S.K.: 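Submitted below is the structure of interest, expressed as structure tokens.
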Amino acid sequence: MNKQMTAAEVVAELKDGMTIGIGGWGPRRKPMALIREILRSDLKDLTIVSYGGADVGMLCAAGKVKKLVFAFVSLDFIPLEPYFRKARQSGSIDVMEIDEGMLLLGLRAAAWGVPFIPTEVGLGTDIINKNPDIKLIDSPYDDKEWVAMPALKLDAALLHADTANERGVVGISGPDHYMDDWYARAAEKTYVSCDELVDADYFNDPDHARTVLWERSATSGVVHIPGGAHPTSCAPLYGFDIPHTKEYNASAKEGGFTAYFEKYIEGKTEHEYQQLVGGIDAINALPIPAY
Amino acid sequence: MNKQMTAAEVVAELKDGMTIGIGGWGPRRKPMALIREILRSDLKDLTIVSYGGADVGMLCAAGKVKKLVFAFVSLDFIPLEPYFRKARQSGSIDVMEIDEGMLLLGLRAAAWGVPFIPTEVGLGTDIINKNPDIKLIDSPYDDKEWVAMPALKLDAALLHADTANERGVVGISGPDHYMDDWYARAAEKTYVSCDELVDADYFNDPDHARTVLWERSATSGVVHIPGGAHPTSCAPLYGFDIPHTKEYNASAKEGGFTAYFEKYIEGKTEHEYQQLVGGIDAINALPIPAY
Amino acid sequence: MTTPATEYSLAELMICAAAEAFRPDGEVLATGIGVIPRIAASLAMKTFNTDLMMTDSEAWILSEPNPLGKRPDDFVQRNESWMGFSRIFDNVWSGKRHAMLGPVQIDRYGQTNTSALGGTYEQPKTQMLGARGFPGNSISHQNSFLVPSHNSRVFVEGECDFVSSIGYNPERLPKGRSLDDVDIRLIVTDLCVMDFAGPDHQVRLVSLHPGITVEQVIDNTGFPVDISADVPTTPAPTEEQLAIIAEMDPQNQRSFQIKDNPAGNRA
Amino acid sequence: MTTPATEYSLAELMICAAAEAFRPDGEVLATGIGVIPRIAASLAMKTFNTDLMMTDSEAWILSEPNPLGKRPDDFVQRNESWMGFSRIFDNVWSGKRHAMLGPVQIDRYGQTNTSALGGTYEQPKTQMLGARGFPGNSISHQNSFLVPSHNSRVFVEGECDFVSSIGYNPERLPKGRSLDDVDIRLIVTDLCVMDFAGPDHQVRLVSLHPGITVEQVIDNTGFPVDISADVPTTPAPTEEQLAIIAEMDPQNQRSFQIKDNPAGNRA
């Protein structure tokens with residue numbers, strides 16, 4: 001089965017009101033080209049599940065988000081995400097605010113086909129008070145109460161990886177795959193944009209096969225978009241684009257998202273977008289940060 | 001902290017009645033030198049949690065086992081474990097027989113400090129009927145019943161790995177680490193025998209650091225015993241010893257475990273044991289099987 | 001792939017019949033434990049369901065199935081992804097798997113026993129492997145069974161002595177679930193192919209192997225089987241299938257799977 | 001390690017005070033988020049608690065802490081184990097971790113806020129990062145806090161606007177648990193060091209930084225603090241500690257952490 005698709009074909013398979021998980025972490029390995037394609041579409045009323053960065057900010061700014069399931073939204077080197085803040089401060093989105101580890105448990109519960117996983121995380125905090133849909137339960141084995149973190153079932157997951165083949169074998173060779181494997185397993189359909197489309201022999205090498213975190217049966221579509229994570233990073237290929245992210249951040253105060261959207265996204269192909277940010281060679285030259 | 005110990009020091013830290021998890025899988029990467037040291041001791045009334053092979057068989061044969069938590073016990077190329085069968089068929093051990101995946105969930109629940117993880121595995125089978133201590137629960141999110149797989153908290157875990165350093169950093173460079181990481185995390189104390197004691201720089205190499213599956217804080221003691229998994233395998237160093245395992249299996253019909261124990265284990269050091277089975281070079285030359 | 005072979009062993013017939021179990025699966029992990037199930041899954045993957053996935057029985061998913069047994073030194077295993085035993089359960093619980101296994105007992109409900117025979121549970125007469133992954137397999141994904149010797153000790157009259165896997169038994173149906181949630185596909189034996197498509201999930205005779213009679217099946221099965229008036233004959237392997245089987249099993253391990261390695265056509 | 005320095009910055013004093021939080025920890029993962037906490041954890045690991053573990057803030061546990069900022073091209077990072085973000089939670093839930101973080105609000109119970117200020121929860125006046133890992137950290141392992149500007153907007157009079165982390169609040173105690181299950185160690189600010197060892201887990205003044213008075217602490221804290229008659233002075237860094245701090249922070253990022261980078265002794 002050849003699972004290659006275009007970004008437009010991926011977005012055509014998404015429907016209003018869907019729950020969509022987005023891989024990566026903050027400004028790292030976000031499927032931004034797929035996000036841009038959503039921004040160009042008339043998709044709406046989405047529930048987004050994300051360790052959020054500009055993916056969440058842009059979707060909020062474009063009015064695509066009905067509800068956000070999150071533990072944080074941050075640009076990292078710029079701590080606060082401007083458009084997420086605007087959305088919250090204008091009361092325009094519903095939220096399910098949870099702990100980072102609870103989000104992982106929710107994805108795992110969905111992946112494993114169970115309704116919840118118990119945890120003590122969230123007890124004693126407003127995570128519980130502000131989320132009446134998260135239930136407390138008793139255990140048959142002790143006298144304590146526990147949080148029943150519900151499964152976060154995704155209609156679709158959108159991920160970005162450095163390598164994939166046309167059958168849907170996906171390799172993440174950077175140092176961290178974040179929770180992408182759990183997004184892939186928690187979702188009904190998983191779409192992956194990749195920097196490099198490799199042939200089948202690539203994964204014969206055990207070192208490469210080790211970078212594969214889920215079976216190809218958990219991948220529905222593969223979109224070949226070199227640089228597709230820009231302006232977020234895709235280690236080991238490229239770091240995040242700090243100047244561009246600063247411009248995006250500044251747009252919240254000058255011109256608003258409309259100005260950013262018109263300049264970079266509206267009516268433009270991904271190739272045109274990349275030309276506007278310096279071209280694919282410039283993207284691939286973005287340095288990996290050290291902390 | 002230097003965590004090097006002898007096998008005798010490890011066994012001295014174990015107490016009658018403890019719940020002890022044993023890593024590996026069937027005839028693969030079992031901490032057999034530590035098991036032999038237990039066989040030489042007067043330790044008793046143990047609850048053993050294992051994806052079982054000869055480790056379980058020998059402990060049963062020596063009368064060390066009060067209760068066994070298991071999904072299978074097998075020598076693999078010899079499907080049935082003779083001494084485990086004898087123990088069951090004489091009614092001399094209590095059992096908690098569960099599914100392979102339930103055992104994994106029980107270790108994870110213990111590792112994560114939660115009383116149980118829900119699963120549908122076991123429903124409709126005698127796993128539930130024969131284990132009154134495993135409770136069925138309702139979910140606050142649906143109308144189904146679920147198995148509450150209880151945490152399998154271990155007083156100690158015994159593992160074998162190919163590499164470790166004196167600080168308790170443990171590397172498993174064979175193709176599969178089985179569930180050893182979850183044993184290490186589920187246990188109060190984790191003791192690891194290793195073929196090679198490496199220096200700290202060994203793990204600077206990211207490829208080596210990738211073979212480390214748990215933090216050194218989850219390792220209590222490291223015992224340097226080259227060939228310590230014999231007669232089970234330790235890929236990529238050596239395969240299992242088929243002739244020796246056949247002799248062990250045959251002993252159940254001729255002479256019983258006493259004959260095997262007297263010949264190979266009783267009053268003998270690990271070095272003497274290895275001499276009796278051909279020496280360390282012969283162990284390291286045992287071929288890795290292909291299926 | 002349409003030239004029926006005239007000479008083939010019973011094992012080869014059973015391999016081809018068992019391969020059919022994987023035809024409608026789409027992209028799932030095909031796990032065939034034992035020689036016949038593994039060659040069957042390999043055959044399916046190399047012919048009519050190329051979307052299947054298989055492992056090397058150790059830690060890797062393969063993009064092409066490995067031949068059985070020792071392989072030449074220059075053999076390159078076609079790895080596709082790491083798949084250690086711990087990750088197998090993520091796949092099992094996703095439901096994207098089809099296992100074909102050989103339990104020791106199978107009852108009218110499709111419940112199986114891999115653990116203990118006779119005596120009491122506290123002291124069985126014969127202890128076997130244990131429940132293994134059968135409880136999880138049976139409630140999570142489709143399963144088929146391979147029985148090398150069809151008799152009423154395997155296909156027992158009552159319930160299995162120990163029930164390792166859930167079947168179509170209304171008495172054991174868990175709260176909030178339906179018998180249709182259980183998904184047992186084919187039972188391939190040395191006599192016939194059966195499934196659970198009879199009334200109320202009754203075991204049904206799908207086809208008889210060449211030369212086998214309905215009576216032989218009835219006499220060797222401990223419970224009633226749904227049998228239509230006109231039972232088809234299990235199709236012979238094609239020459240193309242035999243060639244692939246020989247390629248996947250170059251050391252002819254299949255010839256040791258059925259007692260005396262009989263011919264496929266026993267007419 | 002016993003030569004007290006005479007010249008040191010407030011940031012350096014705070015680093016040394018914060019490092020003390022990790023002294024009794026034994027072998028745990030020390031997570032210091034931000035420049036001062038990270039140098040503090042590094043200092044502890046390189047001196048009085050060599051059993052500590054730290055990460056590279058990305059995917060590796062290190063056997064020696066990394067210096068901050070850009071490192072020379074020939075720098076060899078001392079990896080010890082892979083530790084991707086997903087595995088961090090296995091560590092968090094094991095309890096073998098000590099995190100030192102800087103929340104925006106801290107109340108009398110040690111509850112913190114990292115999420116939302118003012119307005120309603122549905123429409124906060126100021127949205128911040130979100131709860132992050134605070135709920136899990138606070139109930140799983142020991143935690144300390146670093147406050148670069150001690151004032152009553154941080155140390156609020158009432159409860160935090162949003163409670164991200166569990167504290168010693170009897171009103172919020174979960175069923176079957178004890179307030180002693182909560183384990184908040186030190187709060188290090190630009191004025192003083194505090195802990196929760198007062199009566200009934202009240203915030204207690206542990207030491208005053210040189211030149212700071214009890215009144216300054218009282219005036220800048222929105223809730224009552226348990227203060228003994230004779231409050232010690234936070235010890236000055238030693239020369240040896242300053243040398244290690246300089247080695248861990250060669251680009252002097254610490255000088256930008258406290259407004260105007262004041263001297264440690266403000267007498």
Side-chain angles (χ1 to χ4, degrees), chain A residues 96 99-102 104-123 128 131-153 171-177 182 204-213 235-236 288, chain B residues 96 99-102 104-123 128 131-153 171-177 182 204-213 235-236 288:
Chain A
M96 179 186 189
D99 168 89
E100 293 168 356
M102 289 173 82
L104 174 59
L105 289 178
L107 295 175
R108 281 191 178 135
W112 294 344
V114 298
F116 68 92
I117 295 179
T119 178
E120 58 185 347
V121 178
L123 291 175
I128 300 308
N131 282 302
D133 292 346
I134 299 181
K135 304 298 183 190
L136 299 183
I137 56 168
D138 289 327
S139 158
Y141 304 113
D142 62 38
D143 296 321
K144 299 176 178 178
E145 64 183 348
W146 297 86
V147 176
M149 177 60 211
L152 295 170
K153 292 184 205 166
I172 298 173
S173 51
D176 202 338
H177 57 272
W182 298 107
N204 288 354
D205 179 343
D207 287 345
H208 292 162
R210 282 267 184 189
T211 69
V212 181
L213 281 302
I288 307 284
Chain B
M96 179 186 190
D99 169 89
E100 292 167 359
M102 290 173 82
L104 175 59
L105 290 178
L107 295 175
R108 281 192 177 132
W112 294 344
V114 299
F116 68 91
I117 294 179
T119 178
E120 59 184 347
V121 177
L123 291 175
I128 300 309
N131 282 302
D133 291 346
I134 299 181
K135 305 298 182 189
L136 299 182
I137 56 167
D138 289 327
S139 157
Y141 304 114
D142 61 38
D143 297 320
K144 299 176 177 179
E145 63 183 350
W146 297 86
V147 176
M149 177 61 211
L152 295 170
K153 292 184 205 169
I172 298 173
S173 51
D176 203 338
H177 56 272
W182 298 108
N204 288 354
D205 179 342
D207 287 345
H208 293 162
R210 282 267 185 189
T211 70
V212 181
L213 281 303
I288 307 283

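None of these values were measured; they are calculated from a predicted model. To find a chain, count down the sequence lines: A is the first, B the second, and so on, and within it residues start at 1.
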S.K.: Do you know which of Y141(B), W112(B), F116(B) has the most heavy-atom pairs under 4.5 Å to chain A?
M.R.: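 Of Y141(B), W112(B), F116(B), Y141(B) has the most heavy-atom pairs under 4.5 Å with chain A.
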S.K.: Less than 4.5 Å apart, any side-chain heavy atom of P118(B) and any of P118(A)?
M.R.: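 They are in side-chain contact.
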S.K.: For each of S139(A), A109(A), G101(A), tally heavy-atom pairs with chain B at distances under 4.5 Å, and name the one with the top tally.
M.R.: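 It is S139(A).
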S.K.: Can you see which heavy atom on R210(A) is nearest to which on P175(B), and at what distance?
M.R.: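 Scanning both residues, the minimum pair turns out to be NH2-O, 3.3 Å.
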S.K.: At their closest point, which heavy atom of V114(B) faces which heavy atom of T119(A), and how far apart are they?
M.R.: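 Closest heavy-atom pair between V114(B) and T119(A): CG1-CA, 3.9 Å.
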